[in-house]
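This report refers to the structure that appears directly beneath it.
Predicted, not measured: the structure shown is a model, and the values here were computed from it. To find a chain, count down the sequence lines: A is the first, B the second, and so on, and within it residues start at 1.
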Amino acid sequence: MRRIKSQILSNKRLSKELHLITFTSEKIEEDLLPGNFLHILVSSSLDPFLRRPFSIFDISEGTISVLYRVIGKGTGIMKDLCKGDEIDIIGPLGNSYPIDNSNNIYCIAGGTGIASIHFLIEYIKQNHPTKQITLCWGTKTIHEFILMNEFRLISDKIIFSTEDGSYGNEGLITDFLPIFKDNSVIYACGPDGMLHILKKKPIDLPMFFSVEKRMACGVGVCLGCAVKMNNDTYKYTCIDGPVFNANELKYE
Amino acid sequence: MRRIKSQILSNKRLSKELHLITFTSEKIEEDLLPGNFLHILVSSSLDPFLRRPFSIFDISEGTISVLYRVIGKGTGIMKDLCKGDEIDIIGPLGNSYPIDNSNNIYCIAGGTGIASIHFLIEYIKQNHPTKQITLCWGTKTIHEFILMNEFRLISDKIIFSTEDGSYGNEGLITDFLPIFKDNSVIYACGPDGMLHILKKKPIDLPMFFSVEKRMACGVGVCLGCAVKMNNDTYKYTCIDGPVFNANELKYE
Amino acid sequence: MNKLAIKIGNLTFNSPVIAASGTFGFGLEYKEILNLNDFGAIITKGITTKRREGNPLPRIIETPCGLINSIGLANPGVEEFIKQYGDIYKIFPTNVIVNVAGDNANDFINIIKRIEHLNVIGYELNLSCPNVSDGGMILSEDPNDVYILIKTIRNITNKLIISKLTPNLCNTTELARASEEAGCDAISLVNTYLGMSIDIETGYSRIGKDYGGYSGPAIKPMALKLVYDVSNTVDIPIIGIGGISSGSDAIEFLIAGASLIQVGSIIFRNPQIAFEINTFIENYMDRKSINNLNDIIGTFKGSI
Amino acid sequence: MNKLAIKIGNLTFNSPVIAASGTFGFGLEYKEILNLNDFGAIITKGITTKRREGNPLPRIIETPCGLINSIGLANPGVEEFIKQYGDIYKIFPTNVIVNVAGDNANDFINIIKRIEHLNVIGYELNLSCPNVSDGGMILSEDPNDVYILIKTIRNITNKLIISKLTPNLCNTTELARASEEAGCDAISLVNTYLGMSIDIETGYSRIGKDYGGYSGPAIKPMALKLVYDVSNTVDIPIIGIGGISSGSDAIEFLIAGASLIQVGSIIFRNPQIAFEINTFIENYMDRKSINNLNDIIGTFKGSI
Ligand SMILES: Cc1cc2nc3c(=O)[nH]c(=O)nc-3n(C[C@H](O)[C@H](O)[C@H](O)COP(=O)(O)OP(=O)(O)OC[C@H]3O[C@@H](n4cnc5c(N)ncnc54)[C@H](O)[C@@H]3O)c2cc1C
Ligand SMILES: Cc1cc2nc3c(=O)[nH]c(=O)nc-3n(C[C@H](O)[C@H](O)[C@H](O)COP(=O)(O)OP(=O)(O)OC[C@H]3O[C@@H](n4cnc5c(N)ncnc54)[C@H](O)[C@@H]3O)c2cc1C
Ligand SMILES: Cc1cc2nc3c(=O)[nH]c(=O)nc-3n(C[C@H](O)[C@H](O)[C@H](O)COP(=O)(O)O)c2cc1C
Ligand SMILES: Cc1cc2nc3c(=O)[nH]c(=O)nc-3n(C[C@H](O)[C@H](O)[C@H](O)COP(=O)(O)O)c2cc1C
Ligand code: FES
Ligand code: FES
């Protein structure tokens, strides 16, 4: 974990709501694993007060990219940042997707969940090139399939779905999952609703969810980002997660 | 009085602390008189919460310029605004320098007080070209004499002073005032300390001060910007001022 | 029909948004840049028997997401007020409520008697100004005193009586109940919180008194809680106040139990806030197929 | 000599800046990005007799310039705490104070007896957590109860006893006086204010309970006022808390009468705040030729 002042290198709008921001990493990227997140302070004003957690979308030497959806105060400010502006970053934080011996990797991404899945796929392609990767990617509408060519390049197979049917299958991605092969592992990142549905499916494979909870500290001191476990105790997204074994999690 | 969303046209640093911002005026400039001020909201964040009052430095068709010193939260944000960014403006507010029949105009400016004095001199030159204008201009140091050529062009005479002696007379401008001619009027804008000294001088000419007080509303509803009058009552900078007859004002 | 209309007794407010006392002068100052009837009512600056010059300077200091004021009830006094505004209020575009600030019960009664003939719909009793040392604070501490005061006022007027409470005492709910029992028509809360700010260069207070009244978005979570508590205590309508700065904030107060809301400090920043809140609430009602404001009021469901 | 050093009794704090309970875990979480001895002390998360899972979700909600929390004293319980941290505190780089949260007097006494052998300099008694329904709030309302509680604790320990008070009661000064009379070594205040936030789309609370504890820069003006009031009431040192987010804020609390200060919510935003405050105070003292922190404390001059 380090705290750095990072310079914006670029900040592009990719779709109506999705933006990709790239900034200097002061070597933090060397310690980053897929699933890790950064805690970003976007403005020196006290409103908004807290940092914002974001997964890693991509890294390269000296830079990190984050894919974000503009939804509120913090991301509203983020989208107006220009090249040369400074942001204040703490990271890497959180755990990472555990990589086992399975030959087949199924990645299920909903919405901005695609961000950490992108980094995961790239990571696996680089470090475990023989594994077969199937990406199941659901969005609301066609325009949210950003950087499609790149995803086609790094995945072996992609299943698309949109809620409005504008591209791929019409409906939720959880309705169009492939028949999973043996010797597989599933990684999923997306809205709670999606994870909830996945969890209820009779899937007999190791399955890991990356979850999103409201955070204050991001390092385990505030106890704000609690997630309920099956045994009714709580774990904490920022230190025990964000990636959890789906078996552990309780959805009510 | 109107409220407009204004686009930044340029925002230049003129010295270490002084910046000149120019923005679209939506025709507000047609109603502006020297001494008037604008109440500017520089950010959509709730911190800073209040608008900031600024005098007019210059107008031209469709644009207004404000000269400002970076001192705190609001001006700190202002200096980072870029071409195309929006600010929210209420104006014109306040009264203006009263222009009488005097032939000789003495303008005394300290610090950013030069802003409203600039507009005043320009206005007089344009509307009363026969009047003789003497500018007495004091700053901390040489670098704060911004746009000097322009001032030389519009004033008939300029007396300079700097506190550190780096240009003009060394000391406070109030120590280097000329011998005032008859049939004259004095306009002064600057820090309270300067106005206080001026007020104590045995000057037997009409004298008008533009004063600065903390403001919340800028329109006379909050009663925050009170100024003490000689008879121990209060008047309000935003509606009764910012320009007051020096006789009326009480300095303790 | 105007969806935003709401009734208190036989009085109609064409919007639940009211301009708070001390933040809207006497109603005319902003008229060039807004429609006065975007407000369901406007409340005047607090009026005292005699003219008050107000507190020493400085009177306003900004803090993160709020401000501290030490105005000290500067106002022209009741006689000058009548002279200046009596005629104007005869044809005012929206309801006018006079905020009355007495040092003691007699003051309140005298002021109300003097202005009873004006075309104003009622009185908001400032039982809580933090900025006057001999002021409301003492009077307002004891529920019995408040009961007697309001009872007496009830005897001299049929107009709306609103009891405006401070958040700085811990018996707010008791004061509200006493007000209700005495025949008060509505409770408005909160007035400002006590706040302090020190200039570290000089060691002096950054306002003209040791402390002042704190308002703005920063106080909203606490004000909302208090409005909720009081709305569970009394049956008369509550007027929610405290840091409201958006349509969403306004709806939170309605859900918590307020029938009307007041906007204060935010006006300084955004004078057109009433219009924005009205538009927001209308869209919200459309989206949720709600036809009557009353179907929002007091619908807080607690925690999930 | 370290200019920032300050003594309470025979204990030395190498900086007046302390990490507030609940915002710094058990002291190790941030160790990779800060020097622990930038803090004069760190205060642990509140410890209860038994493990507590904490409140339902969500537990944190941001508000303008602040946040509302509903953590509900989640903690491993005193036994697990001793197991996990007993050894670590033997060689901790700065003073450790344990925040103790009892449901009743027995709890407080049992916990303190169990941890008395640890290498910690003292206990901060959480008399005021708003997030536990059967918790401190009741115990802490009555100055007599507080007096008896602290008196009893005084009998079992010579370590530092700090009474942490809530701003949500109106008898804060009385509670402070009762604490002092019972032999308490210092008063810390404020704990969080009660605040509420409603999700207008669902009508439910935006946190796991109807209301939570409000903290951050938004509460500073009120907390400062309360610290000033209490410092005028008692002679024991005050530890000022509430929205401190800069060196300047910290000095305001010192001038108002606090001998030490705590940083809470700001840590989440700026973990290195203690270093920044220390540097700021040092420069301030240099600039003003002040050699001893005590020459700042309690020097408020009132209004000009
Ligand atoms: C581990 C983790 C990884 C994430 N990765 C990404 C990512 O790669 N791309 C992306 O677009 N978003 C991601 N999110 C969600 C992102 O943090 C929120 O969208 C963002 O905080 C919203 O901030 P805002 O100020 O625009 O919204 P506001 O609604 O103004 O925020 C208000 C408060 O709610 C919190 N909040 C709002 N939505 C969420 C959410 N979904 N999860 C957690 N906190 C939230 C904010 O942090 C803030 O404290 C991630 C969240 C977590 C926990
Ligand atoms: C009528 C009028 C005309 C002015 N014209 C100019 C001008 O042309 N150029 C210029 O640089 N400055 C001018 N000022 C001063 C300017 O308003 C302040 O410098 C500015 O508000 C500082 O804002 P800040 O957020 O950077 O400072 P902060 O210190 O962060 O501001 C905190 C609060 O104090 C207020 N404040 C701070 N300094 C002053 C001040 N000197 N006068 C009034 N309020 C203050 C702010 O408005 C804000 O409410 C004028 C002030 C008035 C009243
Ligand atoms: C500058 C100022 C002056 C005020 N004057 C009065 C007053 O005269 N009478 C009164 O009852 N309340 C007065 N108030 C309190 C407001 O009416 C309101 O209760 C308070 O500001 C909280 O609301 P807000 O957070 O929306 O501002 C004043 C507030 C401010 C900021
Ligand atoms: C997330 C969180 C958890 C807290 N937990 C505790 C606690 O366990 N015990 C306690 O006495 N105070 C607790 N507090 C209160 C803080 O110690 C502090 O008194 C309060 O937040 C005000 O300071 P601040 O405005 O600097 O945050 C907690 C505060 C927060 C924000
Ligand atoms: S965000 Fe604070 S414990 Fe996870
Ligand atoms: S700034 Fe509000 S009355 Fe002048």
Side-chain angles (χ1 to χ4, degrees), chain C residues 55-58 61 63-66 68 70 168-171 193-212 214 216-229 243 245 247-249 251-256 284 288 296 299-304, chain D residues 55-58 61 63-66 68 70 168-171 193-212 214 216-229 243 245 247-249 251-256 284 288 296 299-304:
Chain C
N55 285 349
L57 315 183
I61 180 88
T63 59
C65 294
I68 305 176
S70 169
N168 299 306
L169 299 170
C170 282
N171 59 348
Y193 285 79
L194 298 181
M196 218 168 131
S197 178
I198 299 174
D199 181 338
I200 65 164
E201 295 309 323
T202 65
Y204 285 108
S205 171
R206 290 174 75 211
I207 44 175
K209 297 255 172 178
D210 287 5
Y211 54 88
Y214 184 38
I219 69 169
K220 202 203 84 181
M222 301 175 292
L224 188 65
K225 162 84 168 60
L226 216 50
V227 163
Y228 175 64
D229 288 347
S245 72
S248 170
D249 288 347
I251 292 176
E252 278 190 77
F253 276 83
L254 299 178
I255 293 176
Y284 176 87
K288 302 220 155 216
I296 302 176
T299 56
F300 180 55
K301 296 197 195 130
S303 56
I304 298 190
Chain D
N55 285 349
L57 316 183
I61 180 89
T63 59
C65 293
I68 305 176
S70 169
N168 299 304
L169 298 170
C170 281
N171 58 349
Y193 285 78
L194 298 181
M196 218 169 130
S197 178
I198 300 174
D199 182 337
I200 66 166
E201 295 309 322
T202 64
Y204 285 108
S205 171
R206 290 174 77 209
I207 44 175
K209 297 257 172 177
D210 288 5
Y211 53 88
Y214 185 37
I219 70 169
K220 201 203 84 181
M222 300 174 294
L224 187 64
K225 162 86 168 62
L226 217 51
V227 163
Y228 176 63
D229 288 348
S245 71
S248 170
D249 288 347
I251 293 176
E252 278 189 78
F253 276 83
L254 298 178
I255 293 176
Y284 175 89
K288 302 220 156 217
I296 302 176
T299 56
F300 180 55
K301 296 195 196 133
S303 56
I304 297 187

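- Between the side chain of D:N168 and the backbone N or O of D:L194 there is at least one donor-acceptor pair closer than 3.5 Å.
- Interface remark: D:Y228 contributes side-chain atoms only to the contact with chain C (heavy atom separation under 4.5 Å).
- Applying the ring-ring contact (aromatic ring centres under 6.0 Å, His included) test to C:Y284 and every residue at least two apart in sequence or in another chain returns nothing.
- For D:P64, the parts lying under 4.5 angstrom from a heavy atom of chain C are both the backbone and the side chain.
- The nearest pair of heavy atoms linking C:D199 to C:E201 is OD1-N, 2.8 Å.
- Interface check for chain D: of the options C:L226, C:L57, C:I304, C:D210, the most heavy-atom pairs under 4.5 Å are formed by C:D210.
- In this structure, D:D249 and D:K220 have side chains that are in contact, with non-hydrogen atoms separated by less than 4.5 Å.
- A donor-acceptor pair is defined here as one N or O able to donate and one able to accept, closer than 3.5 Å; such a pair exists between the side chain of C:S303 and the backbone of D:G208.
- For the set D:I200, D:L224, D:V227, D:T202, the count of heavy-atom pairs under 4.5 angstrom toward chain C peaks at D:I200.
- Only the backbone of D:I207 comes within less than 4.5 Å of a heavy atom of chain C; no side-chain atom from C-beta onward does.
- Each of C:C170, C:P56, C:S197 has some count of heavy-atom pairs under 4.5 Å with chain D, and the biggest count is that of C:C170.
- Counting only heavy atoms from C-beta outward, the side chains of C:K225 and D:Y214 never approach each other to under 4.5 Å.
- Residue contact with chain C, scored on non-hydrogen atoms closer than 4.5 Å, is absent for D:S245.
- Within the 4.5 angstrom heavy-atom criterion, atoms from both the backbone and the side chain of D:A256 approach chain C.
- For chain C, the nearby part of D:I68 is the side chain; its heavy atoms alone come within less than 4.5 Å.
- Using a 4.5 Å cut-off between heavy atoms, C:T299 touches chain D through its backbone atoms (N, CA, C, O) alone.
- The closest side-chain heavy-atom distance from C:P221 to D:Y211 is not below 4.5 Å.
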